[in-house]
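Only a predicted model underlies this, so the values are computations on that prediction, with no experimental measurement involved.
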Amino acid sequence: MSSEKGLLLKREFHAPRELVYKVWTEPEHFGNWWGPKGFLLEVAKMDVRPGGMFLGCQKSPDGQHAMWGKFVYREVQPPEKLVWVQSFSDEAGNTVRAPFNPNWPLEILNILSLEERDGKTLLTLQGGPLHASDEEQAAFDAMSPMVAQGFEGTFEQLDNYLASQQ
């Protein structure tokens, strides 16, 4: 994935790498910070191993909208790396089209790297469409600034959650 064909996000967290990895991989932690600001995440399933799946439902602050999503893990290297394919899904975990755009890619490949630096953790998240048509790639590229902005809110929630766990 090149930077023209995906997102590259970096952020430093004032927490040890083992803790950052733990809150990405344990359902009792992950549901407390992942997702858009104000949304609630219900974790239905979380099996962090190659071939394992995360399945969850995000609910809007007003409770009127719910979106299911899944991760299928490809690579798991505690505490430094996670690779997964992310998709919208139904509650059974079947891949579905995004509710907001019929051209949104069915699958996004994400690579998360965690690097320890003087008791802090440098997080790098790279993500982009997998097996995308030209229309899907164009939809992803057009929405990339909004996706990056959404991740800023998610990372802010992660930062606050990590502070509460130390």
Verify same cluster id: [X], [Y] (apolar side-chain graph, 4.5 Å):
X: Phe30; Y: Met67; result: yes
X: Ile111; Y: Val85; result: yes
X: Leu125; Y: Val76; result: yes
X: Trp34; Y: Val72; result: no
X: Val23; Y: Leu40; result: no

(request) Verify the neighbour count for atom CD of Glu12: are there more than 12 heavy atoms of other residues, nucleotides or ligands below 6.0 Å? (result) yes
(request) Check the surroundings of atom CD in Gln166: do more than 12 heavy atoms from other residues, nucleotides or ligands lie under 6.0 Å from it? (result) yes
Minimum heavy-atom distance between [X] and [Y], given as atom pair plus value:
X: Asn101; Y: Ala139; result: ND2-CB, 3.8 Å
X: Thr154; Y: Gly35; result: OG1-O, 2.8 Å
X: Phe140; Y: Pro105; result: CB-CG, 4.0 Å
X: Ile108; Y: Gly127; result: CG2-C, 4.4 Å
X: Gln157; Y: Gly38; result: OE1-N, 3.6 Å
X: Phe155; Y: Leu123; result: CZ-CD2, 3.6 Å

(request) Going by the side-chain hydrogen bond (donor to acceptor under 3.5 Å, both in side chains) test, name the single residue among His65, Gln64, Glu42 that passes it with Lys59. (result) Glu42
Find the distance between [atom1] ([X]) and [atom2] ([Y]) and round it off to the nearest 0.5 Å.
X: Asp47; Y: Leu55; atom1: CG; atom2: CG; result: 11.5 Å
X: Leu158; Y: Asn32; atom1: CG; atom2: CG; result: 11.0 Å
X: Gln137; Y: Asn103; atom1: CD; atom2: CG; result: 12.0 Å
X: Lys10; Y: Gln126; atom1: NZ; atom2: CD; result: 9.0 Å
X: Met46; Y: Glu26; atom1: CE; atom2: CD; result: 9.0 Å
X: Phe151; Y: Leu7; atom1: CZ; atom2: CG; result: 7.5 Å

Taking side chain as C-beta onward, heavy atoms only, is [X] less than 4.5 Å from [Y]?
X: Val48; Y: Phe54; result: no
X: Arg97; Y: Leu106; result: yes
X: Leu82; Y: Tyr21; result: yes
X: Phe13; Y: Asp159; result: yes
X: His131; Y: Glu136; result: no
X: Leu162; Y: His14; result: no
X: Glu152; Y: Arg11; result: yes
X: Trp84; Y: Leu112; result: yes

(request) Apply side chain to side chain donor-acceptor pair (under 3.5 Å) to Lys120 and list each qualifying residue two or more places apart in sequence or on a separate chain. (result) none
(request) Mark yes or no for whether Glu116, through its side chain, and Arg17, through its backbone, hold a donor-acceptor pair below 3.5 Å. (result) yes
(request) For the pair Lys37 and Glu156, find out whether any cationic side-chain nitrogen is under 4.0 Å from an anionic carboxylate oxygen. (result) yes
(request) Please check if the distance between the ring centroids of Phe100 and Phe88 is under 6.0 Å. (result) yes
(message) Between Trp24 and Phe71 (judged by ring centroids, cut-off 6.0 Å), do the two rings come close enough to count as a pair?
(response) no
